[in-house]
Structure formats: structure tokens, C-alpha cells
Amino acid sequence: MELSLQNFLIRSFAERDRLSLKNLWEGCGLMVHYNNPDQDIDFAVKSPNSTIFVGEAGIAFMASVMVGHDGHRGWLYYLAVDEHYQRSGYGRAMVSAAEKWLKGEGVRKSMLLLRETNVSVEAFYKRLGYETIPRTVMQRWLT
Ligand SMILES: CC(C)(COP(=O)(O)OP(=O)(O)OC[C@H]1O[C@@H](n2cnc3c(N)ncnc32)[C@H](O)[C@@H]1OP(=O)(O)O)[C@@H](O)C(=O)NCCC(=O)NCCS
């Protein structure tokens, strides 16, 4: 199916999107055993500091981004474009929507974490003006 950016609609996640969203994430290799996608969706939707945008054109549901902030840094998660529609500007459009939302929240910085297994996406983010910063990220599981 041919799609164009002209009829590409970016809107907030609605409950009816849940299954398609999880299928998209699965297809894009974003599902990992230590994250529960339903919990991630529920948390993002209920919190005033986060939201999920989905992208569709016509009947095709093919893009997503989750975005949130802690008042200081904004974070992007679950950026995905269905593999059949990649390299057509949809990823850029989704990031742009997330950045606009962050700016509206008064957040000055947009950040993301890249898994070691997904460094090829670094080139995409660099095209969008993102830079790699020399920081060490640390974590401890609380559950
Ligand atoms: C990353 C992803 C969202 C990019 O979406 P996309 O729709 O293909 O990206 P766009 O078409 O908007 O690309 C924007 C620019 O980045 C470039 N680009 C996209 N993917 C690239 C890649 N893997 N390597 C180098 N450049 C890339 C495009 O050519 C375009 O360049 P331009 O500025 O010359 O036009 C998509 O590849 C994807 O869903 N990947 C799997 C999931 C994933 O890894 N998500 C990120 C988790 S952190």
C-alpha cells in the first residue's frame, strides 16, 4: 500500500490501538523480556508526564513513539515505524511530534537510550540532530 506524509495522521494513543501497537513493537524488535508492554502503555497513558503518539495513514497503523519527562529531561521510548514504511520520513515526523509535546511541557532537552544491539539507529538520530554524549547510565532493579 502506498502511503504519503501528506495523509499521515499523528494522534494520541487510544485503547483500541493496543493490539496494533504491540504488534508494531514486536515487528520492530522493541519487545524485550524484562519490559511488560501493557504495563508500559498503562503507565504512560495514566501519567500526566507522559503520552503515546501513534501514526497512521488511511487504514494503515504503522508508527509510534512514547514520550515522557521528569521535569528536567525528556525521554523518547518505543519509537517505531513498520518496516514496510521505513525511510519515508515517518520516523522523523514521530520524533518531531514527541519533541513538540516536550516543548509544550516546558522541557528543554530530548534524550533516548539505545541498546547496544541497536546502534544502527544512531545514524537515524544523528540525521535528526541528536548527539551521543559521554555519560555512564546506571540502574538497579527495584522489583
Ligand atoms: C528508527 C526508525 C524509527 C526510523 O524510522 P524511518 O521512518 O525509517 O526514518 P525516516 O525515514 O524518518 O529517516 C529520517 C532520516 O534518517 C535516515 N535514516 C533512517 N534510518 C536510518 C538508518 N538505520 N541508518 C542511517 N540513516 C537512517 C533517513 O535516510 C532520513 O535521512 P534524511 O535526513 O536524509 O532524509 C525505524 O528504522 C524503526 O522503527 N526501527 C526499528 C525500531 C527501532 O530501532 N526504534 C528505535 C528505538 S531507540
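When a ligand or atom number is given, it counts from 1 through the structure's own listing order. Position 1 is the first residue of the sequence, and the numbers go up from there.
In terms of protein heavy atoms, atom 33 (O) of ligand 1 is closest to R92 NH2, 2.4 Å. Summary of contacts: the protein heavy atom closest to atom 5 (O) of ligand 1 is G91 CA, 3.6 Å. For atom 41 (C) of ligand 1, the closest non-hydrogen atom on the protein side is C28 O, 3.7 Å. Looking from atom 38 (C) of ligand 1 to the surrounding protein, the closest heavy atom is Q86 NE2, 3.3 Å.
The atoms of ligand 1 that sit less than 4.0 Å from any heavy atom of Y90 are 7 (O), 12 (O). Annotation for ligand 1: atoms under 4.0 Å from non-hydrogen atoms of G89 are 10 (P), 11 (O), 12 (O). Those atoms of ligand 1 with a heavy atom of A80 less than 4.0 angstrom away are 39 (O). Atoms of ligand 1 found under 4.0 Å from any heavy atom of N118, numbered from 1 in the order shown, are 43 (C), 44 (O), 47 (C). If you number the atoms of ligand 1 from 1 as listed, the ones under 4.0 Å from a heavy atom of L114 come out as 48 (S).
Residue contact check for ligand 1: L112 places no non-hydrogen atom closer than 4.0 Å to it.
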Can you list, pair by pair, the side-chain donor-acceptor contacts under 3.5 Å of residues 134-143, counting residues two or more places apart and other chains?
none

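At a heavy-atom distance under 4.0 Å, only side-chain atoms of V121, from C-beta outward, approach ligand 1. Residue contacts with ligand 1, taken as heavy atom pairs separated by less than 4.0 Å, involve R87 via backbone and side-chain atoms alike. With a 4.0 Å cut-off on non-hydrogen atoms, S88 touches ligand 1 through its backbone and not its side chain. At a 4.0 Å heavy-atom cut-off, ligand 1 does not touch L76 at all.
Listed by first then second residue, pairs satisfying salt bridge (charged side-chain N to carboxylate O under 4.0 Å, His left out) with a partner in residues 63-81 number zero, not counting sequence neighbours.
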